Amino acid sequence: MTGLFISFEGVDGVGKTTQVERLRDYLEAAGREVVVTREPGGTALGGSLRQLLLREPGDAAEADGADIAPRAEALIFAADRAQHVAEIIRPALEAGQPVLCDRYTDSTLAYQGHGRGLDTEYLHRLNQAATGGLQPDLTLLLDLPVRCGLMRAGERNRQEGLVVSEGRFDSESLDFHERVRQGYRVLAEDEPERFAIVDASQPPEDVVLQCRSAVESHLRQRGRGLEWFCVQG
Ligand code: TYD
């Protein structure tokens with residue numbers, strides 16, 4: 001596959017969305033159309049699964065007060081991912097397009113594995129089955145103390161006028177989010193060649209520069225420069 005596949009990861013409220021958009025603008029300025037997508041919910045099927053998972057207003061689980069068991073939760077994220085890879089990510093990469101993905105397989109390992117305590121070997125196999133083994137070329141891990149992230153997420157909810165918490169994980173304990181953060185760090189230590197850790201506690205403009213520099217250094221390692229993004233012919 002010729003495209004470049006970059007995933008963004010981190011605890012809630014770390015500022016991924018802004019960074020995905022800024023990196024897209026930067027890469028598109030170099031001349032190539034970039035596919036920006038996210039999990040859960042990058043496809044139509046994923047949108048329905050996202051409603052179930054995050055209990056957004058109006059969804060059935062919210063109305064029924066249904067509780068999703070941890071294994072069922074992991075399988076729903078996997079179903080979302082399988083559809084997402086088949087419908088969006090793989091075709092884009094095969095067409096040579098760069099793909100920026102807000103959350104991917106590492107979210108399952110961090111949240112369902114380190115956060116919920118499901119067996120990580122099982123989750124690796126689940127990820128493998130959902131993606132057919134498709135791994136990001138580069139994963140930008142936006143790292144931030146948990147309290148900071150949750151405060152930012154709360155602030156964002158208030159600004160957007162959301163009275164209720166927006167997600168399934170907002171009500172989880174500080175301890176849960178701390179395990180997720182530490183889980184991400186373990187994943188990054190296990191695969192240092194794929195991960196770049198970005199210090200997201202810095203001002204947003206500084207975080208933008210850290211992300212750019214991680215991408216440029218990844219491209220250099222692949223023997224390419226930013227000019228690779230320029231449309232050929
Ligand atoms: P979202 O509103 O997209 O949050 P964020 O902007 O932080 O990405 O909600 C996604 C939530 O789903 C987030 O709390 C992380 C969680 N999640 C998992 O637990 N496992 C997964 O595999 C994925 C993709 C997300």
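It should be emphasised that the depicted structure is a prediction, and the values quoted were computed from it without experimental measurement. Every number for a ligand or one of its atoms is a count from 1 in the order of the listing.
The six-membered or imidazole ring of Y104 lies near that of F5, with a centre-to-centre distance under 6.0 Å.
Contacts with ligand 1 closer than 4.0 Å are made by no heavy atom of R116, backbone or side chain. Heavy atoms of L54 found under 4.0 angstrom from ligand 1 belong exclusively to the side chain.
For the residues Y104, Y111, F77, the heavy atom positioned nearest atom 25 (C) of ligand 1 is part of F77.
Other residues, nucleotides and ligands contribute over 12 non-hydrogen atoms within 6.0 Å of the CZ atom of R212. Counting non-hydrogen atoms of other residues, nucleotides and ligands closer than 6.0 Å to CZ of R224 gives a total above 12.
D102 pairs with exactly one of K16, R24, R38 by the salt bridge (Lys or Arg N to Asp or Glu O under 4.0 Å) rule, that one being K16.
At under 3.5 Å, a nitrogen or oxygen of K16, whether backbone or side chain, sits near a nitrogen or oxygen of ligand 1. Note: no N/O pair closer than 3.5 Å links T17 and ligand 1 by distance alone. Where the criterion is an N or O separation shorter than 3.5 Å, residue side chain and backbone included, E39 fails it with respect to ligand 1.
Under a 4.0 Å N-O distance rule, the pair R103/D80 does not qualify as a salt bridge. A salt bridge links R185 and D143; the closest N-O separation between the charged side-chain nitrogens and carboxylate oxygens is under 4.0 Å.
The shortest heavy-atom distance from E73 to ligand 1 is not under 4.0 Å.
The Q112 neighbourhood of ligand 1 comprises atoms 18 (C), 19 (O), 20 (N), 21 (C), 22 (O), with distances under 4.0 Å to a heavy atom of that residue.
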